[in-house]
Novice: 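Mind having a look at this structure? Questions to follow.
Here is how names work: the chains are called A, B, and so on, in the same order as the sequence lines, proteins then strands, and each is numbered from 1.
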Protein chains: 2
Amino acid sequence: MPEKDLDTLCINTLRMLAVDMVEKANSGHPGICMGAAPMAYALWTRVMKHNPKDPAWPDRDRFVLSAGHGSALLYSLLHLTGYESMTMEQLKAFRQWGSITPGHPESELAKGVEVTTGPLGQGLANAVGLAVAERSLAARFNRPGFEIVDHFTYTLCGDGDLMEGVASEAASLAGHLGLGRLICLYDNNRVSLAASTKMTFTEDVAGRFAAYGWHVQRVRKGNDAGAVEKALLAAKAEGAKPSIIIVDTHIGYGSPHMQDSFEAHGSPLGPDETIATKKNLGWPAEAKFHIPAEALKVYRSSVKHGEKAQAAWEKLFARYAKKYPAEAAEWSRFMSGRLPEGWDSDVPVYTPDHKPVATRTAGGEIMNALAKRVPNLIGGSADLDPSTKTALKGMGSFQAPGTGDDTVQGSQKGPWGYGSPNVAFGVREHGMGGILNGMAAHGGLIPYGSTFLVFSDYMRPSMRLAALAGLHVLYVFTHDSVSLGEDGPTHQPVEHVASLRAMPGMTVIRPADASETAEAWKAAMTRKAGPVSLVMSRQDLKITDRTRYAPASGLASGAYVLAGPKKGRPDAIIIATGSEVGIALDAYETLSAEGIRARVVSMPSWELFEEQPERYRMSVMPPEVTARVSVEAGATFGWERYVGSGGVMLGIDRFGASAPVKANMEKFGFTADNIVKAVKRLLGL
Amino acid sequence: MPEKDLDTLCINTLRMLAVDMVEKANSGHPGICMGAAPMAYALWTRVMKHNPKDPAWPDRDRFVLSAGHGSALLYSLLHLTGYESMTMEQLKAFRQWGSITPGHPESELAKGVEVTTGPLGQGLANAVGLAVAERSLAARFNRPGFEIVDHFTYTLCGDGDLMEGVASEAASLAGHLGLGRLICLYDNNRVSLAASTKMTFTEDVAGRFAAYGWHVQRVRKGNDAGAVEKALLAAKAEGAKPSIIIVDTHIGYGSPHMQDSFEAHGSPLGPDETIATKKNLGWPAEAKFHIPAEALKVYRSSVKHGEKAQAAWEKLFARYAKKYPAEAAEWSRFMSGRLPEGWDSDVPVYTPDHKPVATRTAGGEIMNALAKRVPNLIGGSADLDPSTKTALKGMGSFQAPGTGDDTVQGSQKGPWGYGSPNVAFGVREHGMGGILNGMAAHGGLIPYGSTFLVFSDYMRPSMRLAALAGLHVLYVFTHDSVSLGEDGPTHQPVEHVASLRAMPGMTVIRPADASETAEAWKAAMTRKAGPVSLVMSRQDLKITDRTRYAPASGLASGAYVLAGPKKGRPDAIIIATGSEVGIALDAYETLSAEGIRARVVSMPSWELFEEQPERYRMSVMPPEVTARVSVEAGATFGWERYVGSGGVMLGIDRFGASAPVKANMEKFGFTADNIVKAVKRLLGL
């Protein structure tokens, strides 16, 4: 068969598989699959380095379907190129309960799906994160003649991705960072879900990306796999800039009545139009899930190419391991996700001799102690590290080589280059969230990101995807309540801790003092199955005397008895978190002096507590003690779970106020006196 | 005094007032105030149309300090130009409890503060919304020779604003819409909170905005008020494009040791540096809050100019009212916030004869019925109106005149132009959120925006500001649970209803059927003190027989007894919301048939319910009935408030799954049978 005809056959195979999947499910998005099939074909069979037999090969190129609604295209590619778990049965179970082929790709389900996508814009940000991870690892481990980290990240985006702010943020940063290993295919079909892009999106995409510092190409014949291939190779050759290739396509290509229509976006073609489309493309009209042998042969060549590429890499790595055994061992440790021996041995121990310290500040000290022993801890803040204290000192800044030096102001002193673990995200919380997900998905790194707690809202869609995909991403959220003071209600979180607790798969830890902060970081580092939000105070907090009260190691259980009568049942329980624990302890001392038997439970993490055996939970909060007070400088929403119907919740169910911390804490009622009163009221005293 | 010297005196007055405010509060952001004072001075005294004596004059130009941390600059401008409530005492009470001068500007506190800003990027999006509102009202009410709506929107942005995705989204849409009345001053000081922008933000801002379709200018001498004025006038003259003026400035201008340093961003200069700065700028070194009489005279000329401009406008409007009395009356009604007589009289009445209908679909019908009588209802979706059903039919699309026509695909058929109430936001949820806030802040319009509930996360920061500022913005969130089916967990909200309930000032309404949807819309239209989230099903729901059960008017009370024993106390209470109410009714019928006395409470809105008198609340959920079951296809988080410690919560505390709706509802346990079992278990049966 002439090459052109074979290309067309292969491309139509992809198109029709996707169409049949959507038809069978009676649900899905055929349009993008039909329009973007040629570029996907060119990328997956001619350019991308991957080995279907070993989807976990570390030096594979990464592919991100940012336009996740094109999932049928991705699943078809995986099946055709030979990913074994992506069986024909799975294609036929598209969008059904229990399948690995859900409506939008989920990385935790199917091998070869690098990240979970669907919410638009996220995938492009993930791709930036994957490319950051690649350069970070390359800078640390590659040696002359030993490019053991040497891969590209490809992403396929639609107009919806490019309209989303998260993509703008990530793209601007990618341009700044000069991520030449990042290549974006833009499926320019000029039709969105609701209408022609003439109604909403007429910006000059090429000009915009050029302004971000990207290398820009355009392929006007989107059905020409050869033209796409050529552009991809040119993009690969551009080493210092990320690339975008604008590929002009037709949504629903081949459908006689729906091509170029917004109706092709998110609905099945329907039986009649499916047949008409197949006829139009010269496809057997009645055949379903048809894969011509010639086409399969082309796709399956990926296996041979992939195995060969991986074998070459394995050989290279074996030579590397001989010449650089320490580096090879460290690289293997990075990729395994294991923490090194003694990883937490430098974490400071805080005693009451230490002057009061904000948990954000203690957190910074702890991170710096960890980073020395865990060099794959990497991250930064959304332009707030002087406030969130998250810079790793003396370790420079993750920047494109040759673009500047450490004389530039900021807290990230030290050499610039891709080897630095300090990533300056700029004022781009959402982009940061998406990039962190990509870094975590890459493997090898433990990424963290930081901002004020109130701005967690800006990155919430990315955090949700981290939780869904089970990515080990750490968030450091400081300035955690009205006690941040003068910046006022726009900057004061109220509902945020509750909102994060409500999110499945998210672990929230709000430590009470520096000692709990150390424990919180240890918990976060070892809790690998999902993201962790560390919630820190702006204001200084006294170090709790752990000889007088219980040790901070109780944090690992989520909640623990910090203070109370040595013997017998308490009459009341005060449950506090974070900066309010110290106030609760003051109240406890007053109550004790008056002979009232109260217990203080420090409860830094609901999620950790709820994982404990019932016996432990009952011992911390005995059901028979119903006089309970919760104390948390945030929304009371949800606290009924622990205080019960008869308890008192000291919290804030309104917006905050701009005033110094002392005024705010008093005005909002966070005083020992108020806690004492609440306990007495509950006990009828 | 020579003009240049007088300019400098005026500018330094502004700078030093702000510096003194920050010093007195020992908290704040002096850097931007010192750097951006010249452009602010030029705009406020020479270009902007405003009347300090009547801050509510409808045809005033709007000013948005998107870089809200420069609040001291704004408060100083208000004081100097003669806004009476902005007294010297208020300047001295900057950032103190009870002042109208909080850390970031809050529109609900101080007259002349148009919108609440601080979280970066939001202000620029708000400004786009203000400009949309202006063009919308102008298109509807202006007549040849009677430009009664004829004002500009100015915004002052920093690099942080421009890095934020929300600003990118709004700017792209503003360019598309050709909002020539929007003018952005970009304070290009090349320093962010954490460092030089060399570390994070090296994109070509001019090129990016040109790509968005903006008119771009650059003023290289940021201290030259005349140059800024000239650029502003050129921007005003550009009628078909929004303008950005890149003004090169120096953060902390005049401070001998902190100018151009990131340390000038967010901390007081300190007493020594303050004195050094004053000396450096030729200011009385020891004077505090010093306002030279010559400078005050210049600023206060705003009063004379403003009064004159307003008087001319009043005259024009009087003539307009004579010639176009109906339009004038309608304009006055728009601006008053009143709803017209009979505004809800076309809202459909749904009976069980009607076939089952999704609340999203009923909502669309209701909105269309409302829009005919309430033409100031204006809004759209983030590219989802074919799914969210929120297009106002036959009413065209809000688009720049002459840019297209209604032959373009989409659900917004009808003529294109600024007169249309259908705003196509594109795939820009966050931009939409910020734009809606600006539209609401403008006055005259009731804006709504729509997307899938799961994507409320994308716009949450804007929603929070709507809640804080008390803006009447309506959100239509459809596809409200796992029952959206095949799109899968990336698109299935779980924690979102809980997260919205946790937000102060947000009203959440999740109607059970079409009848409750009508009531929900009525409640939303009349609840003017803040935003309302309407949460709608994707799937069809039976119309509840209101002759058999209670009328839907109970929605106004938030929760009401829908079904139950006619006499005496029920033994159990089933509390359900939205699509689960129908299932609860089925369970109720089963229980009744077995002689079990259960009550069904439909609870569309916690917030409305919690506003009811205690007596009503107790009557709906009598405290003595402790056998309670909540049924909601979302996180159980918070439901303990109503079911108590001993109740059962049927909900979803994990992520959803990609499967048809029927499979999902069964797998996740939302069946009448499960409810019946839960009730029996609670009753020990």
Novice: Checking heavy atoms, do the side chain of A498(B), its backbone, both or neither come under 4.5 Å from chain A?
Specialist: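 Contact with chain A is through both the backbone and side chain of A498(B).
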Novice: Regarding R501(B) and E495(A), does a basic nitrogen lie under 4.0 Å from an acidic carboxylate oxygen?
Specialist: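 No.
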Novice: Does the pair E429(B)/R460(B) count as a salt bridge with the N-to-O cut at 4.0 Å?
Specialist: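 The answer is no: the pair does not qualify as a salt bridge.
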Novice: Indicate the atoms forming the closest heavy-atom contact of G68(B) with T117(B), along with that distance.
Specialist: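 Residues G68(B) and T117(B), closest heavy atoms: CA-OG1, 3.5 Å.
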Novice: If I measure from the heavy atoms of chain B, does F455(A) come under 4.5 Å with its side chain, its backbone, both, or neither?
Specialist: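 Just the side chain, heavy atoms under 4.5 Å.
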Novice: Considering only heavy atoms and a distance below 4.5 Å, find which of H430(B), H491(B), M503(B) pairs most often with chain A.
Specialist: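 Heavy-atom pairs under 4.5 Å are most numerous for H491(B).
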Novice: Looking only at the aromatic ring of each residue, does the gap between the centers of W639(A) and F637(B) stay below 6.0 angstrom?
Specialist: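 Centroid distance F637(B)-W639(A): not below 6.0 Å, so no.
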Novice: Quick one: of S71(B), A467(B), G505(B), P105(B), who has the most non-hydrogen atom pairs under 4.5 Å with chain A?
Specialist: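 Most pairs with chain A among the choices: A467(B).
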Novice: Quick check on S99(B) against chain A: is it the side chain, the backbone, both or neither that has a heavy atom closer than 4.5 Å?
Specialist: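 Nothing of S99(B), per the 4.5 Å heavy-atom cut-off to chain A.
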Novice: Where does V454(A) contact chain B at under 4.5 Å (heavy atoms): side chain, backbone, both or neither?
Specialist: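 Only the side chain of V454(A) comes within 4.5 Å of chain B.
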Novice: Looking at H29(B), H69(B), R428(B), which has the largest count of heavy-atom pairs under 4.5 Å with chain A?
Specialist: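 Looking at each of H29(B), H69(B), R428(B) in turn, R428(B) comes out on top.
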Novice: Measure distances from L384(A) to the heavy atoms of chain B and classify the residue's part below 4.5 Å as side chain, backbone, both or neither.
Specialist: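 Contact with chain B: backbone and side chain both.
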Novice: Taking side chain as everything from C-beta outward and backbone as N, CA, C, O, which of these in W214(B) sits under 4.5 Å from a heavy atom of chain A? Side chain, backbone, both or neither.
Specialist: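 Neither part.
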Novice: Answer with yes or no after comparing the ring centroid distance for W606(B) and Y642(B) against a 6.0 Å cut-off, counting only values under it.
Specialist: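 Here the rings of Y642(B) and W606(B) have centres that are less than 6.0 Å from each other.
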Novice: Count the heavy-atom pairs under 4.5 Å between each of T116(A), T490(A), T202(A) and chain B, then report the option with the highest count.
Specialist: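 Maximum pair count with chain B is reached by T490(A).
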Novice: Between G175(A), S499(A), G426(A), which residue shows the highest count of heavy-atom pairs closer than 4.5 Å to chain B?
Specialist: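 It is S499(A).
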Novice: Relative to chain B, which of A635(A), P660(A), A663(A), P623(A) shows the most heavy atom pairs under 4.5 Å?
Specialist: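 The residue among A635(A), P660(A), A663(A), P623(A) with the greatest pair count is P660(A).
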Novice: Pick one of side chain, backbone, both or neither for Q492(A), based on which atoms fall under 4.5 Å of a heavy atom in chain B.
Specialist: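 Backbone of Q492(A) only, per the 4.5 Å heavy-atom cut-off to chain B.
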Novice: Is there a donor-acceptor contact under 3.5 Å linking the side chains of T390(A) and D385(A)?
Specialist: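 D385(A) and T390(A) do not have a side-chain donor-acceptor pair below 3.5 Å.
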Novice: G28(B), G488(B), P489(B): which one forms the most heavy-atom pairs within less than 4.5 Å of chain A?
Specialist: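 So the answer, after comparing G28(B), G488(B), P489(B), is P489(B).
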Novice: Looking at R208(B), R654(B), Q96(B), which makes the most heavy-atom pairs under 4.5 Å with chain A?
Specialist: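 Ranked by contacts with chain A, first place is Q96(B).
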Novice: Picking from A206(A), S192(A), G644(A), which has the most non-hydrogen pairs under 4.5 angstrom with chain B?
Specialist: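 Winner by heavy-atom pair count: S192(A).
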Novice: Which atoms of L120(B) come close to chain A, meaning under 4.5 Å heavy atom to heavy atom: side chain ones, backbone ones, both, or neither?
Specialist: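 For L120(B), backbone and side chain are both near chain A.
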Novice: Can we say D487(A) and R95(B) salt-bridge, meaning some charged N sits less than 4.0 Å from an Asp/Glu carboxylate O?
Specialist: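 Looking at R95(B) together with D487(A), the answer is yes, because their closest N to O distance falls below 4.0 Å.
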Novice: Among E203(A), Q122(A), E169(A), H176(A), who wins on heavy-atom pairs under 4.5 Å with chain B?
Specialist: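 Most heavy-atom pairs within the cutoff with chain B belong to H176(A).
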Novice: Report the residues that fulfil side-chain contact (heavy atoms from CB on, under 4.5 Å) with A210(B), sequence neighbours left out, ordered by chain and then residue number.
Specialist: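 Per chain and number, A210(B) pairs via side-chain contact (heavy atoms from CB on, under 4.5 Å) with V216(B).
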Novice: Check each atom of S172(B) against the heavy atoms of chain A and say whether the ones under 4.5 Å are side chain, backbone, both or neither.
Specialist: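 S172(B) touches chain A through backbone and side-chain heavy atoms alike.
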Novice: Hey, what do you get for NZ (K198(B)) to OG1 (T403(A)), rounding to the nearest 0.5 Å?
Specialist: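 Reported to 0.5 Å precision, the distance equals 10.5 Å.
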Novice: Quick check for you: among L468(A), L500(A), D204(A), D653(A), which has the greatest number of heavy-atom pairs under 4.5 Å with chain B?
Specialist: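 Most pairs with chain B among the choices: L468(A).
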Novice: Quick one: do the D159(B) and T197(B) side chains pair a donor with an acceptor below 3.5 Å?
Specialist: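 No pair is found: no donor N or O on one side chain lies under 3.5 Å from an acceptor on the other.
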Novice: Tell me, out of G207(B), P461(B), A170(B), A25(B), who's got the most heavy-atom pairs with chain A below 4.5 Å.
Specialist: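 Option with the greatest count: P461(B).
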Novice: Rounded to the nearest 0.5 Å, how far apart are CE of M463(A) and CG of D457(B)?
Specialist: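 Separation between the atoms: 10.0 Å.
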Novice: Keeping the roles fixed (side chain from Q399(A), backbone from M199(B)), state whether a donor-acceptor pair exists under 3.5 Å.
Specialist: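 Looks like yes, one N/O pair under 3.5 Å.
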Novice: How many angstroms lie between CZ in F94(B) and OG1 in T101(B), if you round to the nearest 0.5 Å?
Specialist: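 F94(B) atom CZ to T101(B) atom OG1 measures 7.0 Å (nearest 0.5 Å).
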Novice: Using non-hydrogen atoms and a 4.5 Å limit, figure out which bit of H496(B) sits close to chain A: side chain, backbone, both or neither.
Specialist: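 Looking at H496(B), just its side chain touches chain A.
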